[in-house]
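Report on the following structure.
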Amino acid sequence: MADQNNKAKVQKINGVRGMNDLLPADAAQWAHLEHVLRDLTRAYGYEFLRTPIVEATTVFQRGIGEVTDIVEKEMYSFEDRLNGEQLTLRPEGTAALVRSVIENNLLYEGPKRLWYTGPMFRHERPQRGRYRQFHQFGIEALGFAGPDIDAEIILMGQRLWDELGLKGVRLEMNSLGQANERAEHRAALVAYFEKNQSQLDEDSQCRLLSNPLRILDSKNPEMQALIEGAPKLLDFLGEESLKHFEAVQALLKANNIPCKINPRLVRGLDYYNLTVFEWITDELGAQGTIAGGGRYDPLIERMGGKAAPACGWAMGMERVLELMKVSESLPEPQAQCDIFVLHQGGETLTAAMIIAERLRSAGIDTILFCPPDGQSASFKSQMKKADASGAAFAVIIGPDELAKNEASLKDLRGTGEQKTVSLDGVLEAAIDALVRSEEHTSELQSHSFIS
């Protein structure tokens with residue numbers, strides 16, 4: 001009785017809010033997106049770089065900027081109990097990547113095209129497609145100063161949306177110019193907002209002196225008229241900045257990429273200059289940005305490296321998957337295997353396991369029936385599991401078949417035909433049957449056993 005009472009007191013442990021499990025039902029969608037991203041980066045000559053999940057807090061304080069919402073409000077930071085070092089779960093990928101590039105001297109031999117992906121962490125209110133642990137994909141082109149690389153990374157983004165079949169995604173662009181131009185604009189902006197300070201909300205009051213450019217990014221509907229009348233950064237750009245921005249636009253136009261110039265578009269991170277851009281949708285509610293980026297020439301020197309130009313962009317993978325769902329472009333669920341192997345335990349299990357391993361060695365995805373209770377099950381119940389697996393064929397090895405050194409090969413998706421083959425001939429018969437199956441032909445072309 002005491003044991004029962006103790007068991008009753010054990011409470012279920014739930015995951016942390018905003019940090020979600022990836023369940024098997026969704027795994028194929030993620031695998032599809034990751035496959036498309038790998039193909040995209042390969043097509044443009046970008047190399048993969050992976051950074052640790054935990055970095056020194058100074059990486060993000062210096063890289064992102066201390067007067068940003070990410071650093072001030074959203075980072076998961078803690079003190080290392082062993083040495084007192086201040087550490088942070090990475091909230092974004094660029095600063096960490098630049099730290100790695102500097103530390104490993106990757107620009108010594110010249111410019112680099114790099115990409116990364118992985119989990120990021122921000123302590124913000126979870127909402128549709130936005131979580132406290134989220135997954136980010138990003139590309140970074142380091143050491144390239146010209147407008148051509150700005151255009152190239154934007155073209156990569158457009159190609160990605162096309163490959164994924166996304167609908168209703170539009171490109172907006174702006175130029176943040178250079179530091180001296182932003183300083184002149186900043187002074188005009190502060191003067192304008194100070195004159196209208198009574199109309200600023202609490203966040204904007206805080207940003208007025210620390211980062212007034214971020215006021216332009218406010219989503220508060222009551223401030224939109226005020227923001228619309230604010231001085232525009234484009235009016236403060238010098239000849240070189242305008243020339244760079246116009247060249248980017250010309251290259252996009254030549255490649256039939258439509259874009260809207262949005263003079264109010266800013267980025268939430270301090271390290272951007274010149275070209276900035278976002279891809280926006282109206283299909284996911286108020287938070288419409290699915291990807292964004294731009295040029296960040298000052299960042300490498302700011303983080304202790306030798307000055308070098310750079311640009312890139314990043315996207316939240318959960319947001320993109322949400323939009324794929326809305327666009328009805330998610331892939332169909334895939335079969336778990338090509339062949340399902342059935343048996344009746346004992347010596348038939350031994351033979352079935354040998355056959356299953358031969359099939360797998362030949363590149364054929366194979367599930368071997370394993371009874372949950374450790375006992376043998378009827379072929380009828382096993383056949384239901386074989387059908388549910390999506391397998392194209394079943395290999396059946398019962399006592400009668402084993403006594404004759406044979407197995408049965410049954411078509412589960414086509415004619416339903418069942419034929420007898422020798423145990424030694426199962427592999428050859430399975431290959432022949434799968435190649436003949438239209439459903440599996442294209443999938444099997446990459447396997448080594450097809451001539």
Between N105 and V101 (side chain of the first, backbone of the second, donor and acceptor by atom type, cut-off under 3.5 Å), is there such a pair? no
Do W115 and F48 have ring centroids that are under 6.0 Å from one another? yes
Would E140 and Y296 count as having a side-chain donor-acceptor pair, cut-off 3.5 Å? yes
Between Y192 and L226, is there a donor-acceptor pair closer than 3.5 Å when you use the side chain of the first and the backbone of the second? yes
Is there a donor-acceptor pair closer than 3.5 Å between any side-chain N or O of S175 and the backbone N or O of G177? yes
What are the two closest non-hydrogen atoms of P119 and I53, and how far apart are they? CG-CD1, 3.9 Å
Closer than 4.0 angstrom, basic N to acidic O: yes or no for D203 and R207? no
Mutual orientation of the aromatic rings belonging to F137 and W313 [parallel < 30°, tilted 30-60°, perpendicular > 60°]: perpendicular
Evaluate the salt bridge (charged side-chain N to carboxylate O under 4.0 Å, His left out) criterion for residues E172 and R170: first the C-alpha distance (whole Å), next the side-chain angles of each, then the deciding distance (0.1 Å), finally the verdict. CA-CA 7 Å; E172 295 190 358; R170 64 183 183 275; 3.5 Å; yes
E163 side chain to V36 main-chain N or O, any donor-acceptor pair under 3.5 Å? no
Interatomic distance, CE@M120 vs CD@E74, rounded to 0.5 Å, equals 14.0 Å
Are Q199 and F193 side-chain neighbours, meaning at least one heavy-atom pair lies under 4.5 Å? no
Are the side chains of L409 and E417 in contact, using a 4.5 Å heavy-atom criterion? no
Taking atom types as modelled and ignoring hydrogens, do the side chains of R90 and T51 form a donor-acceptor contact shorter than 3.5 angstrom? yes
Quick one, D365 and Q336 - any side-chain contact, counting heavy atoms below 4.5 Å? no
Establish, from distance only, whether the side-chain atoms of R122 and Y131 form a donor-acceptor pair under 3.5 Å. no
Judged by atom type as modelled, is there a donor-acceptor pair below 3.5 Å linking the side chain of N104 to the main-chain atoms of L106? no
Is it true that the side chains of Q136 and E92 contain a donor and an acceptor less than 3.5 Å apart? no
Test item: D80 side-chain N/O and G84 main-chain N/O as donor-acceptor pair under 3.5 Å: no
Would you indicate whether the side-chain heavy atoms of E278 and M173 approach each other to under 4.5 Å? no
Tell me whether E357 is salt-bridged to R360, with the criterion being a basic N under 4.0 Å from an acidic carboxylate O. yes
Verdict with supporting geometry, L216 and L233, side chain to side chain contact (heavy atoms under 4.5 Å, CB included): CA-CA 11 Å; L216 302 178; L233 178 53; over 6 Å; no
I153 vs F277, side chain to side chain contact (heavy atoms under 4.5 Å, CB included): CA-CA, chis, key distance, verdict: CA-CA 11 Å; I153 64 174; F277 54 88; 3.8 Å; yes
Between K232 and R264, is there a donor-acceptor pair closer than 3.5 Å when you use the side chain of the first and the backbone of the second? no
Regarding N220 and D201, is there a side-chain donor-to-acceptor distance under 3.5 Å anywhere? yes
Under 4.5 Å between any side-chain heavy atoms of D338 and T366, yes or no? no
Side chains of K195 and V190: does their closest heavy-atom pair fall under 4.5 Å? no
Parallel, tilted or perpendicular: which fits the ring planes of F369 and F340, with parallel below 30° and perpendicular above 60°? tilted
With ring-ring contact (aromatic ring centres under 6.0 Å, His included) as the rule and sequence neighbours excluded, what pairs involving residues 210-248 come up? H185-F236
Would you check if the side chain of D297 reaches a backbone N or O of A310 as a donor-acceptor pair within less than 3.5 Å? yes
Side chains of Q158 and D162: donor-acceptor distance under 3.5 Å anywhere? yes
Does the side chain of M383 come within less than 4.5 Å of L342's, by heavy atoms? yes
Polar side-chain atom of S327 near backbone of L323 as donor-acceptor pair, under 3.5 Å: yes
For the residue pair F60 and P91, establish whether any side-chain heavy-atom pair is separated by less than 4.5 Å. yes
Between T88 and E55, a side-chain donor and acceptor under 3.5 Å: no
Can any side-chain N or O of N255 pair as donor or acceptor with the backbone N or O of L251 at less than 3.5 Å? yes
Among residues at least two apart in sequence or on other chains, which ones pass side chain to side chain contact (heavy atoms under 4.5 Å, CB included) with S241? Q178, E181, L237, L274
As a quick check of understanding, evaluate side chain to side chain contact (heavy atoms under 4.5 Å, CB included) for R113 and I149, giving each step before the final call. CA-CA 10 Å; R113 289 175 166 92; I149 205 72; 3.6 Å; yes
Taking NZ, NE, NH1 and NH2 as the nitrogens, is one of them in R436 or D411 under 4.0 Å from a carboxylate oxygen of the other? no
Step by step, work out the salt bridge (charged side-chain N to carboxylate O under 4.0 Å, His left out) result for K167 and E328. CA-CA 9 Å; K167 300 175 183 176; E328 298 182 343; 5.2 Å; no
Heavy atoms from other residues, nucleotides or ligands near CD of E428 exceed 12 (cutoff 6.0 Å): no
Crowding at CD, Q224 (>12 non-hydrogen neighbours, <6.0 Å): yes
Kindly determine whether K260 and L171 satisfy side chain to side chain contact (heavy atoms under 4.5 Å, CB included), including the steps that lead there. CA-CA 6 Å; K260 172 187 175 184; L171 172 66; over 6 Å; no
